[in-house]
Structure formats: structure tokens, C-alpha cells
Amino acid sequence: APPEGIAQVKTPGILATSMGEGVRMLSAQMKLSAPRRARWQPLAATDLILPDLTDRQTTLSERESSAILARQGVHFVASEFGSVDALDDLAARVLAQGWDRVVVKGNAHDVPHRNRVGLVKVGVTQGELASTLGDMAKVLNAHSKDPARGLLVQPMVAFDGEIGVGALNDPLYGPVIVIGPGGVGIEQATGARDALLLNTDSANWDAYAARIEARYELTPGTLRPVLDAMALLMASGRVSEIDINPMVRTEDSALMALDSLIVVDCT
């Protein structure tokens, strides 16, 4: 290595200057490390019925994704949905709910990153609802070819903390869950993130859930249903990624999901 490179790693214990020293460092590290307690226990295969997919479709809309996760026990915020050609009916149903302020979102499988194109608006009042629905329907029509496209309306939720929950298939270790900062913080490099290999035993899952619940001050037992739901989907072989962001901590220290995205495995 060039001298400037070696200078960056000269801290004792980082750079071994000989084979013998490297072996001694490795031996010492093995003795200091805590014993591994997790047992390898591959997930049992599961069946999963997905909505009919169009050609080359790789993602499900928020409405479809959330419905699948909700059927497996994940708690989602209430919502009303309407197609782009039935906005009056959607507005009437939302007003009947009595929600003071709402979030309006475009819903289409071919526009997964809605914030970037103006398809999410928060804090919409009852008086602004009709015009917001009309304006957003025009934006959605301009960006989406999904024949089932429409708008989602959800009440504003009070919360005091948020996390992001994701799952994907690692090519070597199989399905893994990662939990860390939620909301816009999910794209930032800061903040602790914890991973759980799903092909491990239940005791490892419990320890992982307890660690996350303690870190984010969640009611004990809150996280395990989320892990179970995501594991069932990942074990189907039909899902390559799941993103639930954010999941918010409610006033009773429970978890509620506000958004989700499922990426299907088309291989």
C-alpha cells in the first residue's frame, strides 16, 4: 500500500505487519467475541396470492402492498381510495369520516416515488379537499399508465417517533430484515440500523425484537407481528423487497404503518 494509505490504518490492532501477528490478532478476537447463539433455521415455504400483474410490472401500489401486509397482521392507518374518475364519491366518503386534516397521495404501481413528482400532499383541510383531489388526479394521469390508478386519502396521525422497516433477499444468507430511522431519515447515513437474518431460530427473532422495542420505546410484543408478516411474504418466493416507511410510534407506544411498497420477484 502507498505510505499515505498505511498511515490511515496504523492504529494498533488494525494493520498486521506480519502473518504471525495477523494470526495472533485473529485468535485474540475470536476469544473476545461473544459466542453465537442463533441457530440456522430456514424459513418454511409459504403460499402468497398477488394481484394480477401487467407485463413487466415489478412493484405493487401502496394500496395493494398495504392490503397484503394488513392481512398478515400489520396495523395500517385508515384510508379511503377512489379512482381518478370518481373523485366526488371519494370526497364524500372522506368528509363522512370527519377527518380534520388529511394526507392525499397518488396510488399507482408505476409511480413508486411519488414525492418526487408532487403526488403527496399533507395537511389538506376539508375545504381544500375537492380542489386537491382534482389537481392531483391530473398529475397522476400525466405520470401513470396504471389502469387501476387512483387517489388515497388518510387522516393525519399524531406520533412522537418513526422507524423504517425493510426486507430483501440476500444472495448468500437469504431473507433479511433491516430496521432503522424512518421518514426522510431512511435515506441518511446517520442513525443505527439493525439487521435480522430470517433464516435463524425464534429465540434470535425475539432478542432482535426486544432490542428494537427498547431502543424506540415501544410496547413489548409490538414488533414480533411485523417480523412474522414480513417473513411470511419473503418465504413465498414471490417477493424480493418490502418497504414499510414510516412506521410511527403512537401515543400508546404501539406501531402504525403509514405507507408501504412491495417489489415482486419476476425471475
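For the single chain, residues carry numbers from 1 onward in sequence order.
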Any link between Tyr216 and Ile244 through a network of hydrophobic side chains (Ile, Leu, Val, Met, Phe, Trp, Tyr) touching at under 4.5 Å? yes
Does Thr132 use its side chain to pair, donor to acceptor, with the backbone of Glu128 at less than 3.5 Å? yes
Are Val102 and Gln126 packed together at the side-chain level, in the sense that at least one heavy-atom pair is separated by less than 4.5 angstrom? no
Report yes if some heavy atom in the side chain of Thr200 is under 4.5 Å from a heavy atom in the side chain of Arg39; otherwise report no. no
Hey, does Phe159 have a side-chain heavy atom less than 4.5 Å from the side chain of Glu251? no
Judged by modelled atom types alone, do Asp110 and Ser144 share a side-chain donor-acceptor pair under 3.5 Å? yes
What I'd like to find out is whether the side chain of Gln57 reaches to under 4.5 Å of the side chain of Val264, using heavy atoms alone. no
Only counting residues at least two apart or in another chain, list the ones meeting side chain to side chain donor-acceptor pair (under 3.5 Å) with Asp206. Arg224
For the CZ atom of Arg215 and the CZ atom of Arg211, what is their distance to the nearest 0.5 Å? 7.0 Å
If you apply the rule side-chain contact (heavy atoms from CB on, under 4.5 Å), what do you find for Thr54 with His109, and how did you get there? CA-CA 10 Å; Thr54 62; His109 71 75; 3.8 Å; yes
Could you tell me which non-hydrogen atom of Ala231 sits nearest to which non-hydrogen atom of Leu198, and how far apart they are? CA-CD1, 3.9 Å
Take Val124 and Val103 through the side-chain contact (heavy atoms from CB on, under 4.5 Å) test and state the conclusion after the steps. CA-CA 6 Å; Val124 177; Val103 180; over 6 Å; no
List the steps and the verdict of side-chain contact (heavy atoms from CB on, under 4.5 Å) for Ile68 and Leu48. CA-CA 9 Å; Ile68 291 172; Leu48 177 65; 4.1 Å; yes
Under a single-linkage definition using a 4.5 Å side-chain heavy-atom cutoff for Ile, Leu, Val, Met, Phe, Trp and Tyr, are Leu60 and Leu232 assigned to the same hydrophobic cluster? yes
Row check, Phe81 ring normal vs Arg63 NZ/CZ: under 6.0 Å, within 45°: yes
Looking at every non-hydrogen atom in both residues, tell me the closest pair between Pro175 and Met234 and how far apart they are. CB-CB, 3.9 Å
Taking every heavy atom of Ala108 against every heavy atom of Leu140, the minimum-distance pair comes out as CB-CD1, 4.1 Å
With rounding to the nearest 0.5 Å, note down the distance linking OG in Ser236 to CD1 in Ile49. 11.0 Å
Quick one, Asn204 and Leu196 - any side-chain contact, counting heavy atoms below 4.5 Å? yes
Walk me through it: do Glu62 and Arg114 pass the test salt bridge (Lys or Arg N to Asp or Glu O under 4.0 Å)? CA-CA 10 Å; Glu62 176 187 345; Arg114 295 166 293 181; 2.8 Å; yes
Electrostatic pair Arg249:Asp160 at N-O distance under 4.0 angstrom: yes
Of the non-hydrogen atoms in Gly106 and Met136, which two are nearest, and what is the gap between them? N-SD, 3.7 Å
Measure the shortest side-chain to side-chain distance between Leu258 and Val157 over non-hydrogen atoms and say whether it is less than 4.5 angstrom. yes
Might you confirm whether atom CG of Asp89 has over 12 heavy atoms from other residues, nucleotides or ligands at distances under 6.0 Å? yes
Using the rule that Ile, Leu, Val, Met, Phe, Trp and Tyr join whenever any side-chain heavy atoms are under 4.5 Å apart, tell me whether Ile242 and Leu53 fall into a single cluster. yes
Check Leu50, Ile262, Asp265 against Arg238 for a side-chain contact (heavy atoms from CB on, under 4.5 Å) and give me the one that passes. Leu50
Verify side-chain hydrogen bond (donor to acceptor under 3.5 Å, both in side chains) between Arg149 and Asn141, making sure each step is shown before the conclusion. CA-CA 8 Å; Arg149 64 187 179 275; Asn141 286 335; 2.8 Å; yes
Counting only heavy atoms not in Asp252 (residues, nucleotides, ligands), do more than 12 fall under 6.0 Å from its CG? yes
Distance in Å, Gln41 CD paired with Asn199 CG, rounded so as to fall on 0.5 Å steps: 9.0 Å
If two hydrophobic side chains count as joined below 4.5 Å and joins carry through other members, does Leu151 share a cluster with Leu261? no
So does Glu64 get a backbone contact from the side chain of Ser61, meaning a donor-acceptor N/O pair under 3.5 Å? yes
What distance do Trp205 atom CH2 and Ile177 atom CD1 have between them, rounded to the nearest 0.5 Å? 6.5 Å
Joint hydrophobic cluster, Val77 plus Leu69, side-chain heavy atoms closer than 4.5 Å: no
Side chains of Leu168 and Ser240, heavy atoms from C-beta outward: is any pair under 4.5 Å? no
Give the C-alpha distance, both sets of side-chain angles, the deciding distance and a yes or no for side-chain hydrogen bond (donor to acceptor under 3.5 Å, both in side chains) between Ser260 and Ser66. CA-CA 6 Å; Ser260 70; Ser66 299; 2.8 Å; yes
Got a second to check how far Thr46's OG1 is from Gln72's CD, nearest 0.5 Å? 8.5 Å
Heavy atoms of Leu133 and Ala91 approach each other most closely as CD1-CB, 3.9 Å
Drop me the distance from Ile212's CD1 to Glu217's CD, to the nearest 0.5 angstrom. 13.5 Å
Is there a donor-acceptor pair closer than 3.5 Å between any side-chain N or O of Gln97 and the backbone N or O of Val94? no
Grab the two heavy atoms, one from Leu227 and one from Ala209, that are nearest each other, plus how far apart they are. CD1-CB, 4.1 Å
Give the intermediate values and the outcome of side-chain contact (heavy atoms from CB on, under 4.5 Å) for residues His75 and Leu255. CA-CA 7 Å; His75 180 44; Leu255 277 176; over 6 Å; no
